[in-house]
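Notes follow once the structure below has been shown.
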Amino acid sequence: MRVTVFGIGYVGLVQAAVLAEVGHDVVCVDVDEKKVENLKKGIIPIYEPGLKPLVETHFKAGRLNFTTDAALGVEHGEVQFIAVGTPPDEDGSADLKYVLAVASTIAKYMESHKVIIDKSTVPVGTADKVKQKIADILTERGAAIEFDVVSNPEFLKEGAAVNDCMRPDRIIIGTYDERPQDLMRELYAPFNRNHDKVIFMDVRSAELTKYAANCMLATKISFMNEMANLAEILGADIEAVRRGIGSDPRIGYHFIYPGCGYGGSCFPKDVQALIRTSEQHSYQPAILQAVEAVNDRQKTKLPTLVEKHFNGQLAGKTFALWGLSFKPNTDDMREAPSRVLLEALWEKGAKVQAFDPEAMEETQRIYGVRDDLSLVGTKEAALKGADALIICTEWQQFRAPDFDLIKQQLGEAVIFDGRNLFEPSRMTRKGFTYYAIGRGASVTGY
């Protein structure tokens, strides 16, 4: 099939590469000329395992192309994906200007039937706005061209997006009528062979499904962080609690790991957007508001523990920081807990020596060159001359470090672990002061 994808960001590029992988003929359109030229050279704007070889292979094979020519893109595909960003406005609601701009572009250039697919995460009712925008422009053109608008939300996990796209656990398709269903089944047939993963529903239900999924996962995380804080007060161990409740199949083990807060491009933005949507309809979403409040508070957890341990005297201190990205296997720093930590330490006059396997270039882009930030080449280099170690991201290479080296390099044998990578009893035996999340009063100093 001939497919066009507007927006070569995280969602658009992964979706395009995977569609090309199964044989579709894909053209990607973006307004960023530099990004388009870099992709043609094999320079990928994001880090995502497995993505680079897919892009390179299918660009060379001619199944995946990149352009800034919107007219060419509209002409190319009967299927037109809208995968542009929906950044939050000042009040947290999703900004639809880029989505509606693409809808206008498609309407301006289309000369035959198109199926327009909302792939971006958009509030309930967006497909109606897209449909109206296209209809209005076609009327202005005096063009009687049929089209369909479909909601087809993505459910990709950063760090595992290629695999999620290749082996989806569900394919949600919201339509106004049955006309585009056969075409959508054909598009996704290569991903739907073992059993039927396609779930058809009305458009508004599909739009809400995306937000409901992310908000449910965010709720599980905030709930566990709430329990972790309670465990500290009561002298319990949240890791034992996690194993205990996770064994209940109604709860499960996914997304019940306590830590220093969630971040990324999806959970914070989507929780905020659904809160604003609710409020716009005069409904107060108490659970979602609590989820957001707990997460905002949890991001201050590590700075609070550090300040308490050093009796508020952080000026002149140097801290080793392992992990900058909001989660492993990505370079994404959006809403990352590390940013709250960095800025809190700097405000108190401390310096940071940081290492992350992928996110250091992004950190440099965000913060520039600073006297109080050193980005170093290895996790061991971050330790040299530091007063303490702080862990913000659970990268695999942080899980089995050389503790003797850590103890030797640090000015004080203290670790602040925002991801509970190590067993407190083992750390105590090794002579460390070990602060974790929800591992009991004796561990966290409560």
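Just so you know, residue 1 is the first one in the sequence shown, and it goes up from there.
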Carefully, step by step, assess Lys299 and Glu343 under the rule salt bridge (Lys or Arg N to Asp or Glu O under 4.0 Å). CA-CA 11 Å; Lys299 288 182 181 180; Glu343 291 163 21; over 6 Å; no
With no hydrogens and no angle check, just 3.5 Å: does a side-chain donor-acceptor pair link Tyr257 and Asn420? no
Is there a donor in the side chain of Ser265 and an acceptor in the side chain of Glu158, or the other way round, less than 3.5 Å apart? yes
Please determine whether a side-chain nitrogen of the Lys or Arg among Glu394 and Lys327 lies less than 4.0 Å from a carboxylate oxygen of the Asp or Glu. no
Decide whether Ser222 and Asn225 meet the rule of one side-chain donor and one side-chain acceptor closer than 3.5 Å. no
Is it the case that more than 12 heavy atoms not belonging to Glu75 sit under 6.0 Å from its CD atom? no
Yes or no on side chain to side chain contact (heavy atoms under 4.5 Å, CB included) for Glu361 and Asp331, after CA distance, side-chain angles and deciding distance? CA-CA 8 Å; Glu361 185 176 329; Asp331 60 354; over 6 Å; no
Charged N-O contact under 4.0 Å between Arg179 and Glu146: yes
Does a sphere of radius 6.0 Å around CD1 in Ile287 hold more than 12 heavy atoms from other residues, nucleotides or ligands, not counting ones at 6.0 Å or beyond? no
I'd like to know if Lys114 and Asp148 make a salt bridge, using a cut-off of under 4.0 Å between side-chain N and carboxylate O. no
Determine whether Asn152 and Phe81 make a side-chain contact, defined as any pair of heavy atoms from C-beta on separated by less than 4.5 Å. yes
Which residues share a side-chain hydrogen bond (donor to acceptor under 3.5 Å, both in side chains) with Asp118, sequence neighbours left out: none
Side chain to side chain donor-acceptor pair (under 3.5 Å) between Tyr10 and Gln15: does it pass, once the steps are laid out? CA-CA 9 Å; Tyr10 185 86; Gln15 184 68 71; over 6 Å; no
Could Arg370 and Asp372 be called an ion pair, given the rule that one side-chain N must be under 4.0 Å from one carboxylate O? yes
Under a 4.0 Å threshold between the charged nitrogen and the carboxylate oxygen, would Arg63 count as salt-bridged to Asp25? no
Charged tip of Lys197 within 45° of Phe191 ring normal and under 6.0 Å: no
Quick one, Cys28 and Thr4 - any side-chain contact, counting heavy atoms below 4.5 Å? no
For Phe326, does the six-membered ring have the charged nitrogen or CZ of Arg334 within the cation-pi criterion, i.e. under 6.0 angstrom from the centroid and within 45° of the normal? no
Taking all non-hydrogen atoms of both residues into account, name the closest pair between Pro268 and Tyr262 and its distance. N-CE1, 3.8 Å
Can you tell me how far apart CG (Leu64) and CG (Leu39) are? Round to the nearest 0.5 Å. 8.5 Å
Check: Ala127 main-chain N/O paired with Glu207 side-chain donor or acceptor under 3.5 Å: yes
Work out which heavy atom in Thr175 is nearest to a heavy atom in Asp177; give both atom names and the distance. OG1-O, 2.9 Å
d(Arg204 CZ, Thr209 OG1) to nearest 0.5 Å is 13.5 Å
Would the number of heavy atoms belonging to other residues, nucleotides or ligands and lying under 6.0 Å from NZ of Lys220 be above 12? yes
Is Ile391 close to Leu421 at the side-chain level, that is, under 4.5 Å between some pair of heavy atoms? yes
Could you walk me through whether Leu341 and Cys392 pass the side chain to side chain contact (heavy atoms under 4.5 Å, CB included) test, one step at a time? CA-CA 9 Å; Leu341 173 69; Cys392 253; 3.8 Å; yes
Take Val369 and Gln364 through the test side chain to side chain contact (heavy atoms under 4.5 Å, CB included) and record every step on the way to the result. CA-CA 7 Å; Val369 176; Gln364 192 86 75; 3.8 Å; yes
Does Phe355 have its ring centroid less than 6.0 Å away from the ring centroid of Trp395? no
Among Val115, Val130, Leu138, the one residue meeting side-chain contact (heavy atoms from CB on, under 4.5 Å) with Phe147: Leu138
If you round to the nearest 0.5 Å, how far is OH of Tyr47 from OG1 of Thr330? 9.0 Å
Is atom NZ of Lys52 surrounded by more than 12 heavy atoms (other residues, nucleotides or ligands) closer than 6.0 Å? yes
Would a 4.5 Å heavy-atom cut-off, applied to side chains only, mark Val31 and Tyr98 as touching? no
If we ignore angles and hydrogens, is there a donor and acceptor under 3.5 Å between the side chains of Gln132 and Asp128? no
Can you tell me if CZ on Phe223 sees more than 12 non-hydrogen neighbours from other groups inside 6.0 Å? no
Ion pair Asp32/Lys34, N-O distance below 4.0 Å: no
Side-chain donor-acceptor pair present, Gln181, Glu186, cut-off under 3.5 Å: no
On a heavy-atom basis, which atom in Gly73 and which in Val29 lie closest, and how many Å separate them? CA-CG2, 3.8 Å
Go through it in stages, so that I can follow the logic: the residues are Glu226 and Arg297, the test is salt bridge (Lys or Arg N to Asp or Glu O under 4.0 Å), and I'd like the CA-CA distance, side-chain angles, deciding distance and then a yes or no. CA-CA 10 Å; Glu226 191 86 286; Arg297 183 180 63 192; 2.5 Å; yes
Quick one: closest heavy-atom pair of Pro153 and Lys119, and the distance? O-NZ, 3.9 Å
Should Phe6 and Val74 count as side-chain neighbours, where that means a heavy-atom distance under 4.5 Å? yes
Where do Ile8 and Pro45 come nearest, in terms of heavy atoms and distance? O-CG, 4.5 Å
From Ser247 atom OG to Arg242 atom CZ, the distance as rounded to the nearest 0.5 Å: 10.5 Å
Just wondering, do Ser278 and Gln284 contact through their side chains at under 4.5 Å, heavy atoms? no
Side chain to side chain, Val162 and Leu156, heavy atoms closer than 4.5 Å: no
Phe66 versus Leu13, closest heavy-atom pair with distance: CE2-CD1, 3.9 Å
Before accepting this row, confirm whether a basic side-chain N of the pair Arg365/Glu362 lies closer than 4.0 Å to the acidic partner's carboxylate O. yes
From CA spacing to verdict: salt bridge (Lys or Arg N to Asp or Glu O under 4.0 Å), Lys301, Glu232: CA-CA 12 Å; Lys301 186 79 175 178; Glu232 291 176 0; 2.7 Å; yes
With the threshold set at 4.0 Å, does a side-chain nitrogen-carboxylate oxygen contact exist between Lys210 and Glu154? yes
Side chains of Asn229 and Gln298: is there a donor and an acceptor less than 3.5 Å apart? yes
Criterion side chain to side chain contact (heavy atoms under 4.5 Å, CB included) on Val99 and Thr126, from CA distance to verdict: CA-CA 9 Å; Val99 170; Thr126 298; 4.2 Å; yes
With heavy-atom distances below 4.5 Å as the criterion, would you say the side chains of Phe398 and Asp356 are in contact? no
Is it the case that more than 12 heavy atoms not belonging to Lys35 sit under 6.0 Å from its NZ atom? yes
List the steps and the verdict of side chain to side chain donor-acceptor pair (under 3.5 Å) for Asp136 and Thr139. CA-CA 5 Å; Asp136 289 347; Thr139 299; 5.4 Å; no
Is the shortest side-chain N to carboxylate O distance from Glu56 to Lys40 below 4.0 Å? no
